[in-house]
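To start, the structure under review is shown below, and the notes come after it.
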Amino acid sequence: EVQLVESGGGLVQPGGSLRLSCAASGFTYYSACMTWFRQAPGKEREGVAAIDTGRGLTYYTDSVQGRFTISQDSSRNTVYLRMHSLKLEDTAMYYCAADSARCSILPWYGVNKYNYWGQGTQVTVSS
């Protein structure tokens, strides 16, 4: 059974930092595309950052480039999203998603690419 378990969300002030974690199990981690999505109330789910677990290539949406960093610990089958300089508009439910095909196959930011999803972790940026 495939499982993606997110953690690390919370309440943070503007300008603050958080680190999200996604622990994966039940599939071939070393050749997957692991991606963080987010969804704010009333908005579509959007791809935030992705990592090709086999080659270590990373991808970011423009709005988080330079502020967020996606990384992995392959020994733990875990992907991280380090978020810095958080803004009010970063408030959303953050989801981890996995696809057995590399990130370069189909747009990495498209929800239809992914077979597996976590339950989400809430990030709230507020003063």
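Between Tyr60 and Ile70 there is a side-chain heavy-atom pair separated by less than 4.5 Å. Residues Met93 and Val123 fail the side-chain proximity criterion, which asks for heavy atoms closer than 4.5 Å. Within the 4.5 Å cutoff, the side chain of Leu18 has heavy atoms near those of the Leu86 side chain. Using a 4.5 Å cut-off on side-chain heavy atoms (C-beta onward), Asp90 and Phe68 make contact.
Pairs of residues two or more places apart, or lying in two chains, that qualify as salt bridge (Lys or Arg N to Asp or Glu O under 4.0 Å) and include a residue from residues 76-89 are Asp73-Arg76. Evaluation of the disulfide bond (SG atoms under 2.5 Å apart) test over residues 38-104, restricted to residues two or more places apart or in two chains, returns Cys22-Cys96, Cys33-Cys103. Among residues at least two apart or in separate chains, side-chain hydrogen bond (donor to acceptor under 3.5 Å, both in side chains) pairs with a member in residues 3-18 are Glu6-Gln119, Ser17-His84. The stretch residues 109-127 participates, sequence neighbours left out, in these salt bridge (Lys or Arg N to Asp or Glu O under 4.0 Å) pairs: Asp99-Lys113.
Ring pair Tyr59/Trp108 is tilted by interplanar angle, where 30° to 60° counts as tilted. Below 30°, between 30° and 60°, or above 60°: for Tyr116 and Phe27 the angle between ring planes is below 30°, a parallel geometry.
When ring centroids are compared, Phe37 and Trp117 come within the 6.0 Å threshold.
Counting all heavy atoms, side chain and backbone alike, Val79 lies closest to Trp36 at CG1-NE1, 3.7 Å. Minimum heavy-atom separation, Arg67 to Ser85: NH1-O, 2.9 Å. Considering all non-hydrogen atoms of both residues, Thr91 and Ala40 come closest at O-CB, 3.7 Å. Between Ala98 and Met34 the shortest heavy-atom distance is CB-SD, 3.5 Å. Listed here is the closest heavy atom pair of Thr35 and Ala50: OG1-CB, 3.1 Å. Met83 and Leu20 get closest at one heavy-atom pair: CE-CG, 3.8 Å.
Taking CZ of Arg19 as the reference point, atom OH of Tyr80 lies at 5.0 Å (rounded to 0.5 Å). The distance from the CD1 atom of Ile51 to the OG atom of Ser74 is 9.5 Å, given to the nearest 0.5 Å.
Each of Tyr109 and Val48 belongs to its own hydrophobic cluster when Ile, Leu, Val, Met, Phe, Trp and Tyr are linked at side-chain heavy-atom distances under 4.5 angstrom.
With sequence neighbours excluded, the residues that form a side chain to side chain donor-acceptor pair (under 3.5 Å) with Arg45 are Gln39. Arg55 is linked by a side chain to side chain contact (heavy atoms under 4.5 Å, CB included) to Asp52, Leu57, Arg102, Ser104, counting only residues two or more places apart in sequence or in another chain.
Between the side chain of Thr78 and the backbone N or O of Ala23 there is no donor-acceptor pair closer than 3.5 Å.
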Passes side chain to side chain contact (heavy atoms under 4.5 Å, CB included), Asn77 versus Ser25? Steps please.
-> CA-CA 7 Å; Asn77 285 7; Ser25 61; 5.9 Å; no
